[in-house]
Amino acid sequence: MNAATLRTTCPYCGVGCGILVSREGEGWNVRGDPEHPANLGRLCSKGAALGETLGLEDRLLHPEIGGRQVNWDTALDTVARRFSQVIEEDGPDAVAFYVSGQLLTEDYYVANKLMKGFIGSANIDTNSRLCMASAVAGHKRAFGADAVPGCYEDIELADLVVLVGSNAAWTHPVLFQRLSAAKRARAQMRVVVIDPRRTATAELADLHLPLAPGTDAWLFNGLLDHLRREGGVDWGYLEAHVAGFGEALAAVEGLSLPAVAAACDLPEADVARFFRWFAATPRTVTLFSQGINQSSSGVDKVNSILNVHLATGRVGRPGASPFSLTGQPNAMGGREVGGLANQLAAHMDFTPEHIERVGRHWNAPRMAQGPGLKAVDLFRAVRAGRIKALWIMATNPAVSLPEADAVAEALAGCPFVVVSDVTRRTDTARHAHVLLPAAAWGEKDGTVTNSERRISRQRVFLPLPGEARPDWWIVAGVARRMGFGAGFDYRGPADIFREHARLSAFENGGTRLFDLGPLAGLDAAAYDRLEPVQWPPATAEDDGARLFADGRYPTPTGKAHMLPILPRPPARRVDMAHPFVLNTGRIRDQWHTMTRTGKTARLLAHIGEPYVEMHPHDLAVHGLSPGDLARLTNASGEALVRVLEGTGQRPGSVFVPMHWNAQYTARGRIGALIDAVTDPLSGQPEFKHAPVAVAAYAADWQGFVLSRQAPEGIDSPYWTRIRGHACWRLELAGNRGQWPTEENLTHWLGERQDRIELRDPAVGRYRAAHLRDGRLQAVVFLDRQPNALPPRRWLVSLFERERLSEAERAGLLLGRPAQTETDVGRIVCVCHGVGEQTLATAIARGADSVEALGLALKAGTCCGSCIPELRALLARERVPETTAA
Ligand SMILES: Nc1nc2c(c(=O)[nH]1)N[C@H]1C(S)=C(S)[C@@H](COP(=O)(O)OP(=O)(O)OC[C@H]3O[C@@H](n4cnc5c(=O)[nH]c(N)nc54)[C@H](O)[C@@H]3O)O[C@H]1N2
Ligand SMILES: Nc1nc2c(c(=O)[nH]1)N[C@H]1C(S)=C(S)[C@@H](COP(=O)(O)OP(=O)(O)OC[C@H]3O[C@@H](n4cnc5c(=O)[nH]c(N)nc54)[C@H](O)[C@@H]3O)O[C@H]1N2
Ligand code: SF4
Ligand SMILES: [Mo]
C-alpha cells in the first residue's frame, strides 16, 4: 500500500467493508481493503462506484434560510434561538430531532446528548426505527441486551444457513459473496431462503420457502414444536441457561406440520425438509432482516427465531447463532449511543438509576425522565402541531416514512424545520426553513459499527467543499449557542469518541455488555490509527468475536428468555377493492432515496425506472403486459410505475422498490401507499404488507427525451429521469390533452429554429432532434403507438459520437439505425457494462459457467454483485446437452 493510500469504510450497508482510496488522475480510485476483516478486499457494485459519487453537483454547499444563502453564524444562531424559544414557551417536548443510522457514532452521540441531557426531552428518534427497532426489542427480551451474538465468520463455518426476510445478494452483497464462496468450498453446507419472493438470494438456496407474506412466526413456532417432538431440544442448555421455555413450548404444542404448511401456504414436504435440516444441524446460523423486522408483529417474529436458537443452545457458538443483519452503515453505532427515543445512551435505559448515572457523567442540567416519541408518533405529533421545531439529520422522511404524503404535509405545516443534509434538493429539504450543509463521506471523520459489532474508522481524503461542516460540529455549535457550551466543547471526533467510550465503561462493573473501556484512553493519534475492532474489546481470555458462548446472559438471573409467541397476521388485509399485497424493499444498485447512488449512470444501467413486479398470472388476469404503466392505489395514496414480469413473485403479491422519489419520477414514492401501522413494542412500521389495487394506466401517448442536459420543466403525468453516461433519459407518458406543450419542447430541445422536426398529428407522432455542429444535443420522440418508438439504446449510442454521419442523421427521425447494429441488451454487469444480449450470445456460443462468462466478457469479475443474475441467465439460456453437439 503506498503512502498516498487511505484506509476508510464504505458509507452504505451494515456489512461495513473496508476501503482503500487513492488518487487516480483527476479522480479517486476506490477498492476493497484486503486487510479489513469484514470484506477481505471485496466490494459490491455500490461500494465500487463510490468514486463516481464524489462530484459536487447537487451538493448543498452553504447554509440557507428560506432559500437564501447565509453564513454559519446566522444559521446556527437562528436554529439555537428558535429551539430555545419553543422550549421556553411550550416545554422541551415541543421540539424534536429525527436522525439517522447514517450519522457517524460521534455525530450521533452529540445529537443524543443535546436532546436527552440538555434540552431535557427524549424526542430524538432515528430512521433505525424503520429498520432495526424490532430486532433491538427482540434481543432485549431474549438476551437482556441489544446484542448480535455472532460474527461474520460464523456464516462461513455453519453447515446450515437460513436467510429469513433477507435479500442479502442485493442488500448485503459482500457478506453474500462470503457465504457463496463458503458454500462452494464446503459440500456439506446447505442454504435455506425464506422469502415470499424468489430473489437473487434464493438462487443460492438448496431450499426456498416462498411462504405467504407475514406468516414467519407460524413457521418458527412449528419448528419449535417439531424440535420438541423429534428430540431436537437441548434440555441441558435450557435448564442451565434459559427461563420461560416451559411457557414458550406450551404455546406451540400441537402445531402440526399440516397446520404450519397451511398457515404458510407451503408444500408440507418442503416445510418438513426445513425442520429436519434444522433439527439435525448443530451448526446453524439464521440471518434475518427486514422481511422480519418491518412488521406489525416484528418483535414477536424476532423472538420466534431466537426461541429456536435458544431451544437448541445455538447462540454465540462458532457457526451457530441467530444473526440480525443491520441495514445502515452505523445502525449498530446508533444503538450504542442510544439514538432511539426509548433508549438513553451506552445501552442504558430510562430507569431512575441510569438517568442519574448518565446525568452525572454528562454533567447534564436537564435529563429527560422517560422515553420520547417513536418516529411514526413523532411525525404525527408534528402534524398535530404539538412539535413546533424539528431538526432532521441525514435522513429523508418525506420519502422513507410510511404515509409519506402525510409526512410531507406535516413538514409543510411545521413552524420550524431544520434539515442537515449533503444534498441540495430532496423531498424533505423542500420543506426546510433552514438548510445546513453537512460534510459527506470522504470529508468527515469518525467511526461506524457494523453488523458484527465491529467499529471501523471513516477517514478524510477530501477537503470540506464550500461551507460544509461535519454533523457533530453543527450540533455542537447549536448546543453552545443554546447556552450549553461546557458540555459541547469538542475539538474533534476523537474527543467525542473518548467521552462515549468512557460513558460505556462508567460504573459498568460488568453489568453492561457494551463497554469500550479499553478504548477510552485513545489519544488523537491512536484514534486516527484505530484498526477495526469488535466490541466488547478482546481480553486475555476472550477475543470478543462472539457473545453468550458460556450461556450467561446480561439479565438479572443470568438466564436468557424464551417467549410464548402467538402469531398475528399483518394488520391490513387484502379485500376485493385492494386484492394485492404490496411488498417494498431494495434493488441491487440503489441506496435508499437515491441521493447518492442516483448520481452515477453506472448504477442506473441495471434498473433505471421505478417498477412494480408481478407474477405472469396476475398480469394476465388484470390485462397488463410487461412494459405497461400501472397505477397502484389505496386509501393512503397512489403510485405510477412500469410493469415488470417476475416469475419469482408470489401470485397476489407485488413488489415495488422503495427508492424512487419526486426528484426522479412523477409518482414513485411508494411510502405514500403504506399505512403507518406499527409493532406495539418496537414501533417499527409494516413496510412489507400494504393492500393495494393495481390497474393499467392507459396512456394515450408515450415517449422519451434524450438530452445532454438534465431535463427540467416536466409536467407530464408520468415521467422518470435517468442519468446515463452520455445523456439523460426522460421517459414520459400521458393522456389526451396532456401532450407536452411547446414550452416543454423548448426546455428539452431549445428554440424551434434549432431543431429538425417531424410532426404527424394525424397518427399522433412527434420526433425532433437538436444538433449543434453535427453533435447530437437532444432528441424527443412522442408517439400514440408506443411500439413505434425507436430503440432507445441505439439513440443513446449516437450521443457517444462527436459527430453524426450523414447516414445517421438521415436515420435519426426515421427512428431506424442506419445499418444493423448490435443491441447489448439490458445491462447486467454494471462494472464492465455487459448486457443481457451479449451474455446470451456468449452462452449460446458455449460459455457454460460464471467463470467462462468472466473470461470471455469480464462480466462478474469486478464486484461480483451480478453473479446471481449470471447464474440465472446461464440456467435460462444454456443450450441443452443433447442439442449442443
Ligand atoms: N442495494 C442496497 N442495499 C442495501 C440498502 C439499499 O438501500 N440498497 N439498504 C440497507 C438497509 S438500511 C437495510 S435495512 C437492508 C435491508 O436488507 P433486506 O432486509 O435484505 O432488504 P429488503 O429488500 O428490504 O427486504 C428483504 C426481503 O424481505 C422479503 N419479505 C417481505 N415480506 C416478507 C415476509 O413476510 N416474510 C419473509 N420471510 N420475507 C419477507 C422481501 O421480499 C425482501 O426480499 O439493506 C441494506 N442494504
Ligand atoms: N417503503 C419502504 N420504505 C422504507 C423501507 C422499506 O423497506 N420500504 N426501509 C426503511 C429503512 S430500513 C431505512 S434504513 C430507511 C432509509 O431511509 P432514509 O434514511 O430516508 O434514506 P436515505 O436516502 O439514506 O437518506 C439519507 C439522507 O441523508 C443524506 N446524507 C448522506 N450523508 C450524510 C451526512 O453525512 N450527513 C447528513 N446530515 N446527511 C447525509 C442523504 O443525502 C439523504 O438525504 O427507509 C425506510 N423506508
Ligand atoms: S457490501 Fe457493498 S454497500 Fe455494503 S459495505 Fe460492502 S461495499 Fe459497501
Ligand atoms: Mo434500514
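Order of listing sets the numbers, starting from 1, for every ligand and every atom in it.
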Report the nearest protein non-hydrogen atom to atom 2 (Fe) of ligand 3: residue, atom name, distance rounded to 0.1 Å. Cys44 SG, 2.3 Å
Does any N or O in the side chain of Gln458 come within less than 3.5 Å of the main-chain N or O of Val448, such that one atom is a donor and the other an acceptor? no
Note: ligand 3 atoms sitting under 4.0 Å from heavy atoms of Tyr12 are 3 (S)
For Gly16, the atoms of ligand 3 under 4.0 Å from one of its heavy atoms are 5 (S)
Any atom of ligand 3 sitting under 4.0 Å from a heavy atom of Asn39? no
Go through the steps for Arg31 and Glu24 under the test salt bridge (Lys or Arg N to Asp or Glu O under 4.0 Å), then give the verdict. CA-CA 12 Å; Arg31 57 197 194 285; Glu24 189 176 67; over 6 Å; no
Atom of Leu673, atom of Ala690 and distance for their closest heavy-atom approach: O-CB, 3.6 Å
Considering only the protein, which heavy-atom contact is closest to atom 6 (Fe) of ligand 3, and what is its distance? Cys17 SG, 2.3 Å
Do Thr597 and Asp589 have side-chain N/O donor and acceptor atoms under 3.5 Å apart? no
Could you tell me the residue and atom name of the protein heavy atom closest to atom 4 (Fe) of ligand 3, and the distance to it rounded to 0.1 Å? Cys13 SG, 2.3 Å
Numbered in order shown, the ligand 3 atoms found under 4.0 Å of a heavy atom of Val174 are 1 (S), 6 (Fe)
Under 4.0 Å from a heavy atom of Lys46: give me the atoms of ligand 3 that qualify, with their elements. 3 (S)
Non-hydrogen atom of Thr597 closer than 4.0 Å to ligand 1: no
I need the atoms of ligand 3 closer than 4.0 Å to a non-hydrogen atom of Pro173, numbered in the order shown. 1 (S)
I'd like to check which ligand 3 atoms, numbered from 1 as shown, lie under 4.0 Å from a non-hydrogen atom of Leu43. 7 (S)
Counting from 1 in the order shown, the ligand 3 atoms closer than 4.0 Å to a non-hydrogen atom of Gly47 are 7 (S)
Is Asn583 touching ligand 1 with its side chain, its backbone, both, or neither, if touching means heavy atoms under 4.0 Å apart? side chain
Does ligand 1 have any atom that is closer than 4.0 Å to a heavy atom of Met132? no
Tell me the contacting part of His689 for ligand 1: side chain, backbone, both, or neither, using a 4.0 Å heavy-atom threshold, strictly below. neither
Of the backbone atoms (N, CA, C, O) and the side-chain heavy atoms from C-beta on, which set of Cys10 has a member under 4.0 Å from an atom of ligand 3: side chain, backbone, both, or neither? side chain
